[in-house]
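Structure first, commentary second.
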Amino acid sequence: MSQSLAIQLAERLRSEPLDLVRIAGEIAERSGYGLYLVGGAVRDLLLGQANLDLDLVVEGDAVELARALQRQAGGEVLTHPRFGTAKLRRGDLLIDLATARAESYEHPGALPTVRPSTIVDDLARRDFTINAMAIHLDASNFGRLVDPFGGQEDLSRKRVRVLHDNSFIDDATRMLRAVRYEQRFDFRLDPATERLLRRDVSMLHTVSGDRTRHEVELILREPCPEKALARAEGLGLLAQIHPSLRGNGWVAEKFRTARATAHPPALGLYLSILVYHFTDQEVEDLATALKLPGATARVIRDSVRLRQSLHALETPELSPSTAYRFLEDYSPTSILACAIASDSPLVQTRLKLYLDRWRHVKPSLDGQALQRMGIPPGPRIGRMLRALLEARLDQRVRTRSEEANLVRLWMSQEK
Ligand code: CTP
């Protein structure tokens, strides 16, 4: 690396509000430890993009360094001495510190076995060259780049490249990560890396549902997840997760609509669009494959169930209260998903009316007001409130006094 780049990096680091990092560097220097910024923050610094997610690697004791840093600079520290890691939070800034380690995999999909080591070993266990660079933070080398695998060149050639031929076998989640970075930065997979990915695509089965879900969620948190999904479909990755998953043009269009509607769209909304054309069984299979949490599984189940009965909302003369009764048991996210995904303008309008207006409607009178009007406590109050709500929805009453008149009418009829 040229001297000028080291200076540039050091300057950029200094210009950020990163005094904590500099103090950590001074402590490391005094302790005789090597200290490095690693991973995404280095990549983004070289790309000129902001990233305050700071991962630090220590050639030495990360837990001890984190405690010393806290004593000197404040903040809260959380340590995991067994793993040699610590987190320090001060204000908005979150710093992860880890002892440099080397790792080996017992079998594909297994979590790696780790042992303390050097920064180069620590970089060697990472996913892609662009994520396998480090910047010295120890005071005397501050700002110097460590780039043993050609990450800087791959950044300038816009390449996502693995470090070795077994990378996807060791950790198949890297295949999903590869398309996420490729599409986020408008890079390309290095041709050899793409061949390895196509060779190893079936290894995605070696990964636990939790880890696959985590990577799918990371894709869905990207600014334009549909790009990575389309690419993942093209590479056969989506089919490994579930054979009916698509990242095609329809999905892309509906994802864009979702973003125009909700900022940012909830994961459940994106997932509901992805499973919109699924059968109930396919939804269950996907929920199991991705070990979806109960609440998310309910949302996508609801979306498919609602999609299957949306024709009920196509009836021309449909009162708001009837539509309300039909929709009230579905989660709002599943209703929004159907409003986005349905091709029928009438259905879309009714779903949106429900979400924007009908579900917020409340009668002016409450249970106490009804009791004051002479209705004894009991289930009749609940039935009347419900009838008032429906009268409000259908605009048969518009004011509190019209509601009271209606209640009096019902009372007189019930006598
Ligand atoms: N990493 C890896 N293999 C994984 C996950 C992570 O090698 N399966 C390494 C990479 O070096 C990565 C770093 O751990 O840069 C931090 O991971 P993460 O926080 O997930 O990614 P970032 O690089 O910070 O990227 P992003 O911008 O997506 O958060």
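Every number for a ligand or one of its atoms is a count from 1 in the order of the listing. We count residues from 1, following the sequence as given.
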Nitrogen or oxygen of Arg126 less than 3.5 angstrom from that of ligand 1
yes

At what distance is the nearest protein heavy atom to atom 24 (O) of ligand 1, and which residue and atom is it?
Gly40 CA, 3.8 Å

If you measure every N or O of Asp55 against every N or O of ligand 1, does any of those distances drop under 3.5 Å?
no

CZ of Arg357: more than 12 outside heavy atoms within 6.0 angstrom?
no

Is atom CD of Gln308 surrounded by more than 12 heavy atoms (other residues, nucleotides or ligands) closer than 6.0 Å?
yes

Salt bridge Arg30-Glu26, side-chain N to carboxylate O under 4.0 Å
no

Check ligand 1 against Arg184 and write out every atom of the ligand that is under 4.0 Å from a heavy-atom position of the residue.
26 (P), 27 (O), 28 (O)

Looking at Arg350 and Leu313, what are the two nearest heavy atoms and their distance?
NH1-O, 2.7 Å

For ligand 1, is any non-hydrogen atom under 4.0 Å from Tyr181's backbone (N, CA, C, O), its side chain (CB onward), both, or neither?
side chain

Mark up the atoms of ligand 1 that fall under 4.0 Å of a heavy atom belonging to Thr173, in ascending order.
8 (N)

With a 6.0 Å cut-off on ring centres, are His136 and Tyr36 close enough?
yes

Basic-acidic side-chain contact under 4.0 Å: Glu328, Arg386:
yes

Purely on distance, is any nitrogen or oxygen of Ala132 under 3.5 Å from one on ligand 1?
no

Backbone N or O of Arg398 within a donor-acceptor pair of the Arg392 side chain at under 3.5 Å?
yes

Out of Arg180, Arg221, Arg177, Met133, who gets a non-hydrogen atom closest to atom 28 (O) of ligand 1?
Arg180

For Gly39, the ligand 1 atoms whose distance to one of its heavy atoms is below 4.0 Å:
15 (O)

Proximity to ligand 1 by part of Asp171, non-hydrogen separation under 4.0 Å
side chain

Any idea which protein heavy atom is nearest atom 7 (O) of ligand 1, and the distance to it?
Asp127 N, 2.6 Å

With the threshold set at 4.0 Å, does a side-chain nitrogen-carboxylate oxygen contact exist between Glu284 and Arg301?
yes

